[in-house]
Number of protein chains: 2
Amino acid sequence: MTDETQRPHRTRRDSGNVTLQDIAAHAGVSRSTVSLVLRESPLVAKRTREQVRRSIKALGYVYNRGAAALRATRTSTLGVVVYDIANPFFGAMVAGIDAALNREGYVSFLANSEDSPERQQRFLERMREHRVDGILLCPAEGTDPALVATLEAWKLPCVQVLRHIGTPPYDYAGTDFRQGVGLAIDHLVARGHERIAFIGGHTEHSATRERWQGYREAISRHGLGYQRLLRSTVTRRDGFEAIQQLLGESPPPTAVVCHNDLVAFGAMLGLQRQGLTPGVDCAVIGTDDVEEAALSAPALTSIATHPYAVGREAARLALRRIQTPDGAREQVVLAPQLRVRESCGASLAHDRPLAATP
Amino acid sequence: MTDETQRPHRTRRDSGNVTLQDIAAHAGVSRSTVSLVLRESPLVAKRTREQVRRSIKALGYVYNRGAAALRATRTSTLGVVVYDIANPFFGAMVAGIDAALNREGYVSFLANSEDSPERQQRFLERMREHRVDGILLCPAEGTDPALVATLEAWKLPCVQVLRHIGTPPYDYAGTDFRQGVGLAIDHLVARGHERIAFIGGHTEHSATRERWQGYREAISRHGLGYQRLLRSTVTRRDGFEAIQQLLGESPPPTAVVCHNDLVAFGAMLGLQRQGLTPGVDCAVIGTDDVEEAALSAPALTSIATHPYAVGREAARLALRRIQTPDGAREQVVLAPQLRVRESCGASLAHDRPLAATP
DNA sequence: TTCTAGTTTTGGATCAATCCAAAAACAACC
DNA sequence: GGTTGTTTTTGGATTGATCCAAAACTAGAA
């Protein structure tokens, strides 16, 4: 007797799932050929390819990416770590990432670290277990700089986004916060301001440092005698309180640049609470240019940091790194833009001058 | 000769990866035992378990979830589809999902459908290929109601969130928008309003229908003669334009309830543009209670819809469905709450009454 | 000591794909 | 017809875990 009779009949598989084997049988070719068709290999003859395609449709086959990944060691997945997904800035960034990945057939795991290095660490370990092809990381505050080296040792390509830790070279996508603050101050100085304060940022991560550096450099570049940097966390309430503190000092600033738009909104509220008008009695400039900036009253002048574009660039970088793991590390730093609106006196200044014009 | 000599030496694996095999060799047990230890099986003796744990640490083993999933048909992954991740409401919802999943060792793929049924479809097919254990779906506008049945046929557990399509029974987590609008109108009526309009919602999906239904029911429940429902998309600009249109009508409304907070912010701006004060000349109530609501000027009264909690409940439902695929479908509908602030005249009414008090 | 019952451990098959070297099919030329 | 070269196709091994039935230990009672 042949061994055919011994092994159970196998045209329809034991489990309900249709596999390459089933398609191969249906199309009268081998497993390998079907696999080649699925991967669009040019090796397969046209007639065969078409026949296999027909069988795939006929049997309602669903590609099993997990099984493929096991052998091929590519999963077409990416891990994305942000520290505050509820912040609309990150929402826009994730949208940019999603759009870029989608085009390449990649999907992404998303995690919200809530700025906790421990949560972040747990997630990264889980990503390793899932064998993601790479990581997009907005490092949580207080992340050990050694993490970048750890990921390197894990052979997990990692692109840092917005904040960066560790020492170059690393892959990074972000915005030039330093330049952004510089732009804002140049604009204010051109409008005659001489006492410009900066509000916000409470911990030493790169995105804060860069803003402060931009502030200090611009102040000294313009030879201004006044310099005032007020640390704080970066909520609306912080802006609200900070501006009132600054107004109580003598001399008070005539303009403030804020860590982000939330702080700026708070600062505007604080001015209004004191019976003052933003853009008239004190200029206010925010950072990020969130949707609400254009629609607040008065409209907020803001340094646009392009979250969608940052996300898209970060995703591109990651895909490139996955293709060439040993290529030179890259840093994509987008140029910010100043969106001038009412809150820095743009269209109100003629009514009541903010400061002596040059 | 034995076949030992024929097969290549295998203590350290060919590929760089440490596998169960390697740990087994190191600990002097079998692959199966190591697997049992990893899955915390009570079958393994304490001594053995400890020895295996030591070997796992010593060799720096990383669990391969892909390989495990192939055999066990559980991936510990979930697909999440939203239609606008840049909206802070969804940000908060995703944060809730993330927190609930994290606790159970699950991770989630996130996709942004941008309200395109085609993008949504592509993503769902990809999720199927990745063999996710379930789907959390905020259906894109215009989604074919048959999609729910399709997912059912795919044997992919699906929990709908915020919007629902198809016919019950299905799993769903959301907020009772109908009740929310009812609460708002009850409050306004109690304050003496008789002409209450509703702004926003342009397409017939469940979340819009429920709001409209709540509006019409409340109006007729209170026996009000005035009824005005203005359709629109749901951006700030829509609110801005809608309120000005309503003010031009005779009689104009004395209060408006808005589809979401963005529309409400726009409506407040529109009032201010006309030299009117929200909460004094016309009451404004929003929906969602986003962070900004409490901090706008005047502070916005809003129907809180608890996005974080909705996300958390949706995730819980999904995990439950995965455990018992044939259990009864469940609907978790959270009760909204009215957060009363200045924009509906809460603390301003004594200055200048909005309407005759009862 | 043997038998039984309970506790641990194990090897082989399996999941569904890819990889790769070798075989088969085909065409072109002497 | 035989030889060579090119294009297609193939089967067996491999990836790294889990499943499962059977084997190997224990300990306690007869």
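Each chain gets a letter, A, B and so on, in the order the sequences are listed, and its residues count up from 1.
Rounded to whole Å, atom C1' of C:dA23 lies 14 Å from atom CG of A:L43. Separating the CZ atom of B:R131 from the P atom of C:dA17 is a distance of 7 Å, rounded to the nearest angstrom. Straight-line distance from the CD atom of B:E40 to the C1' atom of D:dA17: 16 Å, rounded to whole Å. Residue B:L20 contributes atom CG, which lies 19 Å from atom P of C:dT14 at whole-angstrom precision. In this structure, the CZ atom of B:R49 is 13 Å from the C1' atom of C:dT7, given to the nearest Å. Distance A:R74 CZ to D:dT15 C1': 16 Å, rounded to the nearest Å. Between B:Q51 atom CD and C:dT8 atom P there is a gap of 17 Å when expressed in whole angstrom units. Rounded to whole Å, atom C1' of D:dA17 lies 11 Å from atom CD of B:Q21.
Salt bridge status for A:E50 with A:R53: absent, with no side-chain N to carboxylate O gap under 4.0 Å.
For the pair B:A68 and A:K46, both in contact range of DNA chain D, the more 5′-proximal nearest nucleotide belongs to A:K46. Each of A:R65 and B:T48 was assigned the nucleotide of DNA chain C with the nearest heavy atom; the assignment lying further toward the 5' end belongs to B:T48. Sequence order on DNA chain C of the closest nucleotides to B:V44 and B:L70 puts B:V44 first from the 5' end.
Comparing atom distances between the B:A67 side chain and each of C:dT10, D:dA17, D:dT9 picks out D:dA17 as nearest. Distances from the side chain of A:A72 to the nucleotides D:dA17, C:dA16, C:dT18 place C:dT18 closest. Closest to the side chain of A:T33, out of C:dT9, D:dT10, C:dT18, is D:dT10.
Using a distance-only test at 3.5 Å, with no hydrogens or angles considered, a donor-acceptor pair links the side chain of A:Y172 to the main chain of A:L162.
Side-chain N/O atoms of A:R71 and base N/O atoms of C:dT18 include a donor-acceptor pair closer than 3.5 Å. Side chain A:R31 to base D:dG12: a donor-acceptor pair is found below 3.5 Å.
A:R163 forms a cation-pi arrangement with A:Y83, by the criterion of a distance under 6.0 Å to the ring centre and an angle within 45° of the ring axis.
Under 4.0 angstrom from either OP1 or OP2 of C:dA16 there lies no side-chain N or O belonging to A:T19. Within the structure, every side-chain polar atom (N or O) of A:N17 is placed at least 4.0 Å from both OP1 and OP2 of C:dC15. At C:dC19, one or more side-chain N or O atoms of A:R39 fall inside 4.0 Å of OP1 or OP2 (strictly under the cut-off). A:S32 has no side-chain polar atom (N or O) that falls below the 4.0 Å cut-off from OP1 or OP2 of C:dC20.
Side-chain N/O atoms of A:R320 and A:Q323 include no donor and acceptor closer than 3.5 Å. In this structure, a donor-acceptor pair under 3.5 Å is present between the side chains of B:S30 and B:T33.
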- Worked verdict on B:T77 versus A:F109 for side-chain contact (heavy atoms from CB on, under 4.5 Å): CA-CA 9 Å; B:T77 60; A:F109 291 106; 3.8 Å; yes
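Residue contacts shown for A:T73 are absent, as no nucleic acid heavy atom lies under 4.0 Å away.
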